[in-house]
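Got a structure here, written out as structure tokens. Questions coming.
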Amino acid sequence: MMDLLVKLIQDAVAGYVDSGMPMPQPGISIPANETHGDFSTGIAFNLAPVMKRPPYEIAVEIAKKMGDKTAGIIDKIDVVRPGYINLFMSRKFWHDALQDIMDKGTDYGRNNTGKGKKVLLEYISANPTGPVHVGHGRGAVIGDVLARILSAQGYNVAREYYINDAGNQVLSLGYSVLNGYYKNRSIDRAVSRPGEYQGAYIDDISNALDSRIPAADIDEEHIGLITGFSVQVILDEIKKVLQDFNIEFDNWFSEKQLYHDGSIAGVIGELEKKHAVKQEDGATWFLSTHYGDEKDRVLKKQSGELTYFASDIAYHVNKYARGYDMLINIWGADHHGYLPRIKAALAALGYDAEKLRVMFVQMVRLTRGDKPVAMSKRAGEYVTLKELVDEVGGDAVRFFFLQRSHESQLVFDIELAKKQSQENPVYYVQYAHARISSIFGFAETKGWNTDALQHRQDYVFSGQEKRLLSQCLLYPGLIAEIAVKREPHRLTYYLMDLVGILHKYYTDTRVVDSGSDTDQRLLLMKTVKIVLKNALELLGINAPEKM
RNA sequence: GCGCCCGUAGCUCAGUGUAUAGAGCGUCGGACUUCGAAUCCGCAGGUCGUGGGUUCAAAUCCCACCGGGCGCUCCA
């Protein structure tokens, strides 16, 4: 329905825009002050600098043109200094809007702005050396919700988890387990390296070791076997925890595979062909300074081992080869220094580095009350995603993580989240959905057939009712914008607004009475419920009928 | 020292050009014999880190500085 309004504005603006210029997307907002209309646009402000004329003059002209062709949906157009165009919508508009949402139902908010573009979304990718912790959880929620939103906008999204199952860290995991095994069995045997991982999960794997591997084979000679088993156990647990948290992947991509199929060596060979490699101090270096990085980077160490950087290049080359239009990576903010070298390598190999978009998710700091909770893998002391979800609930964790921009650091007070779980904002939103369900239940008991409500076009919506509808009308545009800008957190704020209006309306207005307007109010509740349910679905949060 | 992110109400954070700067939590005070009070209403609380600049218009853009987090490994 807003498309129609946007088109009316654009038609009026068309004369000002040169054929070469893209049509500006008019921003439409709901004014805080209702004397400023049902909707307002600041399109004249965007045009003013281009045309070098005062915004007010432009607004007057646009308003005049719009007034000539309102398609029956606009009653009145006001122009207010310094250049706002305020729109008062017609009765027909509101009824058409309500009907449109009803007709679309679960498809309301779905769109094809993505036009089938293939997107690879990589997120979490936590190392299989320990459980997923809350920092990963934040990336998990952002990635999952973004994937849902992109899919709803017609993008063809593949979700991927990159498993760092090669290299030193998993070897270190193997040694940690082996050492744990010796210690638990009081076996006094020297091992060439200590292993850096600690915690109850290491003990668990150690204890399970001889259930899978013959006891005679449990020694340093078979460290590869032990490592493989340990990674498998941890990975299974990661998959289970994520699945329980309703986070799925289309593909689990193994780093090891890149070693086995020779693609890392292949990539280094390609870089050599491009003369982007040097030998120095017995190591092989990528000349990333030639491509905008601040220093050159080692691909193959003096020891002959490949670096993670080398396999990461091969991984990204693999992504490009799979033919995606866009690659989105969600990384922890502590990896931001890593991006220039990846982009440098891709540029050196002739790939369009612009296709790669990395979202850096800032740190999560945990507290219990005023006391910070240490997050150290080394000490084996950290709060896992599973623990957090078990304590606070999955819906609340999702909502909480999406109440901040991913670019802001986040303080998560576990005590507070537990203590106030009943007052968590997520309940505020869910309660609205349950409340509407409850209204319908009540209406049924009073004899209304809520599946056959009569939509009467002569009903005049109150100010609050129009406000509710207009908030619902912003929804599709919001989802489209969130997809383009990759800002999933905005959806929680939208919901808080919508639900706030609904709760107030409920307090002020009796929906079900004996009068004939009850049908109209029930229809309105139905549209709000549709939007609530669709939005919660995108957040992966339950929309309960009862609480 | 260099790079990225942040600095907005007591706390945690939205808002990133334009009409009196918002929410949640917290404080205080009100509203259930009527569709769910997990709700609603009201009061209090802000030099939008500081100083310059651009603009008809700056929390928002630019510059400098101050403060906090993270990163600057032949670590992963």
Side-chain angles (χ1 to χ4, degrees), chain A residues 27 29 31-33 35-36 40 42 44-46 48-49 54-56 80-84 86 127 129 164 166-170 172 196 280-285 294-295 297-309 312 332-340 360-363 365 367 370 377 400 403-413 416 419-432 434-446 487 489-490 492-494 496-497 499-500 502-513 518 521-522 525 546-547:
Chain A
S29 57
N33 181 339
T35 64
H36 292 151
S40 178
F45 295 119
N46 303 111
Y56 184 75
V80 180
R81 287 187 190 278
Y84 293 98
N86 295 336
N127 289 343
T129 51
N164 286 113
N168 270 320
Q169 90 221 321
V170 285
S172 177
E196 60 185 302
E280 195 174 292
D281 299 333
T284 304
W285 299 70
E294 55 186 12
K295 44 177 110 162
R297 309 291 177 177
V298 172
L299 295 165
K300 186 186 271 189
K301 299 186 234 176
Q302 204 174 22
S303 65
E305 290 172 298
L306 293 165
T307 59
Y308 266 75
F309 178 44
D312 273 347
D334 53 340
H335 286 76
H336 76 260
Y338 202 70
L339 183 59
F360 291 104
V361 178
Q362 293 291 325
M363 300 290 133
R365 211 169 74 237
T367 61
D370 293 333
K377 276 194 183 179
F400 200 102
Q403 272 190 289
R404 284 111 178 86
S405 155
H406 65 270
E407 292 179 319
S408 286
Q409 293 172 42
L410 180 153
V411 176
F412 199 118
D413 184 342
L416 198 69
K419 193 171 68 184
Q420 301 187 335
S421 62
Q422 293 303 300
E423 295 159 31
N424 194 299
V426 70
Y427 294 98
Y428 182 67
V429 174
Q430 289 180 316
Y431 179 53
R435 195 170 223 184
I436 293 174
S437 300
S438 166
I439 294 172
F440 276 88
F442 179 80
E444 293 278 354
T445 68
K446 292 292 177 186
E487 295 174 332
H489 71 282
R490 291 176 57 189
T492 57
Y493 284 90
Y494 169 81
M496 297 283 280
D497 284 344
V499 165
L502 177 82
H503 283 312
K504 177 153 175 56
Y505 175 70
Y506 177 89
T507 305
D508 293 349
T509 312
R510 184 147 185 103
V511 175
V512 179
D513 63 19
T518 294
R521 290 189 292 263
L522 283 172
M525 290 300 101
K546 278 183 185 171
M547 292 174 69

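Below, chains carry the letters A, B, ... as their sequence lines are ordered, and counting in each starts from 1.
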field: Check: His335(A) side chain, G71(B) base, donor-acceptor under 3.5 Å
entry: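 When only heavy-atom distances are counted, His335(A) does not reach the base of G71(B) through any donor-acceptor pair under 3.5 Å.
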message: Taking only the C1' atom of each, what is the distance from C4(B) to A9(B) in whole angstrom?
response: 28 Å
query: Between Asn46(A) and Ala333(A), who's closer to the 5' end of RNA chain B by nearest nucleotide?
result: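 In this pair, the answer is Asn46(A).
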- prompt: So which nucleotide does G67(B) pair with, by the Watson-Crick or G-U wobble rule with both distances under 3.5 Å?
  reply: C6(B)
query: Just checking His36(A): base, sugar-phosphate only, or nothing, at a heavy-atom cut-off of under 4.0 Å?
result: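 The answer is base, as His36(A) lies within the cut-off (heavy atoms under 4.0 Å) of a base atom.
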message: By the 4.0 Å heavy-atom rule, please label Asp281(A) as base, sugar-phosphate, or nothing.
response: base
- prompt: Within the structure shown, what part of the strands sits under 4.0 Å from Ala32(A) by heavy-atom distance: base, sugar-phosphate, or nothing?
  reply: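 Ala32(A): no heavy atom of the nucleic acid under 4.0 Å.
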- prompt: For Val411(A), which contact category applies under a 4.0 Å heavy-atom criterion: base, sugar-phosphate, or nothing?
  reply: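 Since only primed, P, OP1 and OP2 atoms lie under 4.0 Å of Val411(A), the category is sugar-phosphate.
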query: Which part of the nucleic acid, if any, lies within contact of Ser438(A), taking any heavy atom under 4.0 Å across all strands shown: a base, the sugar-phosphate backbone alone, or nothing?
result: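 Here Ser438(A) touches the bases of the nucleic acid.
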- prompt: Distance between the C1' atoms of C13(B) and G7(B), in whole angstroms?
  reply: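 Going atom to atom, C1' in each nucleotide, I get 12 Å.
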task: Could you tell me whether Tyr338(A) contacts a base, only the sugar-phosphate backbone, or nothing, with contacts defined as non-hydrogen atoms closer than 4.0 Å?
output: base
message: Under 4.0 Å, counting only non-hydrogen atoms across every strand here, what does Thr284(A) touch: a base, just sugar-phosphate, or nothing?
response: nothing
message: On RNA chain B, does the nearest nucleotide to Tyr505(A) precede the nearest nucleotide to Lys295(A) from the 5' side, or the other way round? Give the residue.
response: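 Its nearest nucleotide lies further toward 5', so the answer is Tyr505(A).
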- prompt: Which part of the nucleic acid, if any, lies within reach of Gln409(A) when heavy atoms closer than 4.0 Å are counted: base, sugar-phosphate only, or nothing?
  reply: base
- prompt: What nucleic acid atoms does Glu280(A) come within less than 4.0 Å of, heavy atoms only: base, sugar-phosphate, or nothing?
  reply: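 If one applies the 4.0 Å heavy-atom cut-off, Glu280(A) turns out to touch a base.
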query: Mind checking the P distance from U20(B) to C48(B)? Whole angstroms is fine.
result: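 My reading of the P atoms in U20(B) and C48(B) gives 16 Å.
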- request: For C35(B) and G69(B), measure between their C1' atoms and round to the nearest Å.
  value: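 It comes out at 50 Å once rounded to the nearest Å.
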query: Side chains of Asn168(A) and Tyr308(A): is there a donor and an acceptor less than 3.5 Å apart?
result: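 Side-chain D/A pair, Asn168(A) to Tyr308(A): absent.
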- request: Give the nucleotide from the list A23(B), A19(B), C75(B) with an atom nearest to the side chain of Lys301(A).
  value: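 Looking only at heavy atoms from C-beta outward on Lys301(A), the closest nucleotide is C75(B).
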query: Of the candidate nucleotides G15(B), C5(B), C74(B), which contains the atom at the shortest distance from the side chain of Gln362(A)?
result: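 Within the option list, the nearest is C5(B).
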query: Between C35(B), C6(B), C4(B), which one does the side chain of Ser408(A) approach most closely?
result: C6(B)
- prompt: Does NZ or CZ of Arg297(A) fall inside the cone over Phe309(A)'s six-membered ring, less than 6.0 Å from its centre and within 45° of the axis?
  reply: no
message: Heavy atoms from C-beta onward define the side chain here; which of C40(B), C5(B), A14(B) lies closest to that of Tyr493(A)?
response: A14(B)
message: Using atom C1' in both nucleotides, what's the gap between A31(B) and A23(B) to the nearest angstrom?
response: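 Between the two C1' atoms, the distance is 22 Å.
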- prompt: Mind checking the P distance from G45(B) to C61(B)? Whole angstroms is fine.
  reply: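 Approximately 29 Å lies between the P atom of G45(B) and that of C61(B).
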Given C35(B), C72(B), U39(B), the nucleotide with the shortest approach to the side chain of Phe442(A):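 Looking only at heavy atoms from C-beta outward on Phe442(A), the closest nucleotide is C35(B).
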task: Check the geometry between His489(A) and A14(B) and answer yes if their rings are stacked (centres below 5.5 Å, planes below 30°), otherwise no.
output: no
- request: Assign Gln430(A) to base, sugar-phosphate, or nothing according to its heavy-atom contacts below 4.0 angstrom with the strands shown.
  value: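 Gln430(A): no heavy atom of the nucleic acid under 4.0 Å.
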- prompt: Which nucleotide in the list A37(B), C35(B), C70(B) gets nearest to the side chain of Met363(A)?
  reply: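 Among A37(B), C35(B), C70(B), the one nearest the side chain of Met363(A) is C70(B).
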query: How many Å lie between OH on Tyr427(A) and C1' on U39(B), as a whole number?
result: 16 Å
- request: Tell me, yes or no, whether the heavy-atom count around Arg365(A) atom CZ, taken from other residues, nucleotides or ligands under 6.0 Å, exceeds 12.
  value: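 At most 12 heavy atoms, drawn from other residues, nucleotides or ligands, come within 6.0 Å of this atom.
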task: Write down the distance separating the C1' atoms in U8(B) and A59(B), rounded off to the nearest Å.
output: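 Nearest-Å result for U8(B) against A59(B) at atom C1': 7 Å.
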task: Could you classify C25(B) for me, syn or anti, using a glycosidic angle within 90° of 0 as syn?
output: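 Anti, angle beyond 90° from zero.
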query: When you look at Tyr505(A) and Met525(A), which way does the side chain to side chain contact (heavy atoms under 4.5 Å, CB included) test go after all the steps?
result: CA-CA 10 Å; Tyr505(A) 175 70; Met525(A) 290 300 101; 3.3 Å; yes
query: What class does the angle between the rings of Phe400(A) and Phe412(A) fall in, given that below 30° is parallel, 30 to 60° is tilted and above 60° is perpendicular?
result: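 Taking Phe412(A) first and then Phe400(A), their aromatic rings sit tilted (interplane angle of 30° to 60°).
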message: For a quick check under 3.5 Å, do Asn33(A) and Thr35(A) share a side-chain donor-acceptor pair by atom type?
response: yes
message: Taking the minimum atom-to-atom distance to the side chain of Val512(A), which one of A19(B), C74(B), C35(B) wins?
response: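 The answer is C35(B).
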message: Considering every strand and a 4.0 Å limit on heavy-atom distances, what is the contact class for Thr509(A): base, sugar-phosphate, or nothing?
response: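 Touches a base.
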- prompt: On a whole-Å scale, what distance lies between the P atoms belonging to U60(B) and U54(B)?
  reply: 15 Å
query: Which of the following nucleotides, C56(B), A14(B), G71(B), is nearest to the side chain of Pro55(A)?
result: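 Of C56(B), A14(B), G71(B), C56(B) is nearest to the side chain of Pro55(A).
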query: What does Asp497(A) touch in the nucleic acid at a heavy-atom separation under 4.0 angstrom: a base, only the sugar-phosphate, or nothing?
result: nothing
task: Select one nucleotide: of C6(B), A19(B), U39(B), the one nearest the side-chain heavy atoms of Arg435(A).
output: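 Shortest atom-to-atom distance from the side chain points to U39(B).
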query: If you look at every strand shown and take non-hydrogen atoms under 4.0 Å, does Lys546(A) touch a base, only sugar-phosphate, or nothing?
result: base
field: Candidates U20(B), U39(B), C35(B) - which lies nearest the side chain of His503(A)
entry: U39(B)
query: With a non-hydrogen cut-off below 4.0 angstrom, is Leu410(A) in contact with a base, only sugar-phosphate, or nothing?
result: sugar-phosphate
- prompt: Any stacking of Tyr506(A) on C35(B), going by centres under 5.5 angstrom and planes within less than 30 degrees?
  reply: yes
